[in-house]
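Just below is one structure, and these are the notes that go with it.
Counting from 1, the numbers follow the sequence of the chain as shown.
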Amino acid sequence: MLGEQRPGRDLKTFVLPEIGRLLETDDPWEPCQLLDPFGRPVEPAAVYFKDLMSADCSPLTPRSYGMDLLRWWRYLWAFEIEWDRATREDARDFTLWMKLADKPVRVHWRHRGKDPAEVPPPSRISRPAPGSPNLVTGKPTIGAKYAPNTRAHCETVLRSFYDFHLDLNTRSLLVNPFPLHRNRRSARANAHHNPEKEHRKQRTGLYRPKVPKRIPRRIPEDKYTEVFAGLRSHRDRALLAFWVATGARAEELLTSKQGGALVGQQTVGVIRKGTRDYQELPATADAFVWLRLYQEEAWKKGVPRGRHQPLWWTLRRPWRPLEYDAARMMFNRANVLLGANWTLHDLRHTATFLMLDDPNMPPAYVQHILGHKYLSTLDIYNRPTRDDVITAGLAHHARQEQKKINPPPAQPAPAYNPESLSILFGGATR
């Protein structure tokens, strides 16, 4: 049961309407705008985004937070609830809906506004069931429900959004509908912590779900070779080689400039995602070979050339710097050939495993290359991977079966030492 509900609200059959949208702009002062169904900016969200930008957040942060705010506003618009009149019951029902309901099926932009009966069925009907494990990688496919990470991120964003407006005394907002956990309302986390003991984890939000810990996955060498062979161009091969060699995030490598690829030093410069600092990362010689093949081919076609020009470009006119979505689609096409569902971030995990497997590579250097703030972040790579556990388990069962077929020879029963018996019972002495 959903508990107390406002009249006319049936969350069991509720489908989130596609009203309003999040508009991405080229304005550095306001990179994103949350628009209502009439195309007007939502003022509370605009003020919140401006505060995020003034706090030196990345331009990607308003977009990430804006997706959660858009979901919440669509919920409010559907039930005609004012954002500053939302109660804890509204937040509870919204959180429960995200947990139990199926995600809305996104309508293709060509068919938006049409009658559902006029929309043709999807052409690919052989897709695996949502949430089922992939036969090649073992990773589950995208499920029909909202993932715990998505729900946790949404709860954190909405709680901080209402905390921000409570601090500003915005309108008649009196309470935060997304409260802190009951153990956290009277004090901060670990307020009475004993310095001799480790910090224990405490839940932050009352409606925040438990997020399972993910185990990073690496791409096996044979499968990586197959993915590499399935790429169509020298640019794609160079990208894949650099991702696995440097361990850079997918979007970080796309920030490289032509002058930042130093063949003599065998390094490539990137802009870090969090700090936005410039950092040179070591790469393999093979990566620079593929890069040179790509550049010679691209320059002959007319791709802009110069030290301050982007390193990665589209393959067709009009020439545009390569963006993350295009790189992700390129990698997905190679995945389709193998029936796999690896992601670009799995390439970063693969690079990390390769560096940590080298006994001559200090973990502190790996931390610096990956751009992690703390060395303890690498602890997740010390856990056994799925493939390692399965391989060890199968080897154990094989050894047990081998013992049944060829049992070890029986060991002879231990006998008494004659010299010890002679001394014990007073035998002849030397």
Side-chain angles (χ1 to χ4, degrees), residues 137-139 198 213-229 231 236-257 259-294 311-312 324 327 331 334 340 342-393 395:
T137 66
K139 296 175 57 177
E198 295 183 357
K213 293 183 178 180
R214 292 183 177 181
I215 299 178
R217 296 177 181 267
R218 68 194 304 174
I219 302 178
E221 185 176 356
D222 57 337
K223 296 298 181 182
Y224 170 79
T225 303
E226 294 182 21
V227 173
F228 194 87
L231 299 177
D236 300 344
R237 299 184 187 98
L239 276 169
L240 207 65
F242 272 103
W243 274 322
V244 173
T246 62
R249 298 177 179 88
E251 60 271 21
E252 290 177 345
L253 186 61
L254 299 180
T255 63
S256 301
K257 303 296 183 181
L262 305 177
V263 182
Q265 300 181 13
Q266 207 167 311
T267 59
V268 60
V270 301
I271 303 296
R272 282 303 185 184
K273 178 183 177 181
T275 61
R276 296 191 291 279
D277 292 336
Y278 180 82
Q279 182 177 349
E280 294 181 351
L281 300 177
T284 61
D286 289 343
F288 283 96
V289 171
W290 290 112
L291 175 63
R292 192 61 180 178
L293 292 174
Y294 154 64
L311 183 60
W312 311 103
Y324 172 78
F331 189 68
W342 283 299
T343 64
L344 290 177
H345 204 69
D346 290 332
L347 298 173
R348 176 174 167 88
H349 292 322
T350 303
T352 307
F353 277 113
L354 291 175
M355 287 185 283
L356 292 177
D357 288 344
D358 185 358
N360 296 322
M361 185 68 172
Y365 294 172
V366 180
Q367 172 201 356
H368 182 74
I369 291 175
L370 297 178
H372 288 317
K373 185 176 181 180
Y374 301 106
L375 184 61
S376 59
T377 309
L378 298 178
D379 291 343
I380 60 174
Y381 297 97
N382 295 328
R383 301 172 184 171
T385 64
R386 165 187 170 274
D387 295 336
D388 293 339
V389 171
I390 292 178
T391 302

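- Between W342 and K223, the shortest heavy-atom contact is CH2-CB, 3.4 Å.
- Interatomic distance, CZ of F331 versus CG of L347, reported as 4.5 Å (0.5 Å rounding).
- Within a 6.0 Å sphere centred on NZ of K273, other residues, nucleotides and ligands contribute 12 heavy atoms or fewer.
- What you find for D357 and P359 is that their closest heavy atoms are O-CD, 3.3 Å.
- Heavy atoms from other residues, nucleotides or ligands lying under 6.0 Å from CZ of R276 number more than 12.
- When all heavy atoms of G269 and S256 are compared, the pair lying nearest together is O-OG, 2.8 Å.
- A tilted orientation is assigned to the rings of Y224 and F228, their planes being inclined by 30° to 60°.
- The two residues L281 and R272 have their closest heavy-atom pair at CD2-NH2, 3.4 Å.
- Side-chain contact between T343 and H345 is present, with heavy atoms from C-beta onward closer than 4.5 Å.
- In this structure the side chain of H349 reaches within 4.5 angstrom of the side chain of D346, judged on heavy atoms.
- When side chains are defined from C-beta on, L291 counts as touching W312, because their heavy atoms get closer than 4.5 Å.
- Judged by distance alone, with hydrogens and angles left aside, the side-chain atoms of T267 form no donor-acceptor pair with the main-chain N or O of E280 at under 3.5 Å.
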May I have the list of side-chain donor-acceptor pairs in residues 364-371 shorter than 3.5 Å, sequence neighbours left out?
residue	atom	partner	partner atom	Å
Q367	NE2	H372	O	3.4
Q367	NE2	K373	O	3.2

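- F288 and A283 make their closest contact through CE1-CB, 3.8 Å (heavy atoms, listed as atom of the first residue, atom of the second, distance).
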One pair to check against side chain to side chain contact (heavy atoms under 4.5 Å, CB included): D236 and Y294. What are the steps and the verdict? CA-CA 9 Å; D236 300 344; Y294 154 64; over 6 Å; no
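- With rounding to the nearest 0.5 Å, the separation of CG in L375 from OG1 in T377 is 8.0 Å.
- Of all heavy-atom pairs between L356 and L378, the closest is CD2-CD1, 4.4 Å.
- By the 4.5 Å heavy-atom criterion applied to side chains, L354 and R218 are counted as neighbours.
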Please tabulate, for the side chains in residues 239-251, all donor-acceptor contacts under 3.5 angstrom to protein atoms that are two or more places apart in sequence or on a different chain.
residue	atom	partner	partner atom	Å
T246	OG1	F242	O	2.6
T246	OG1	A248	N	3.3
R249	NH1	E252	OE2	2.6

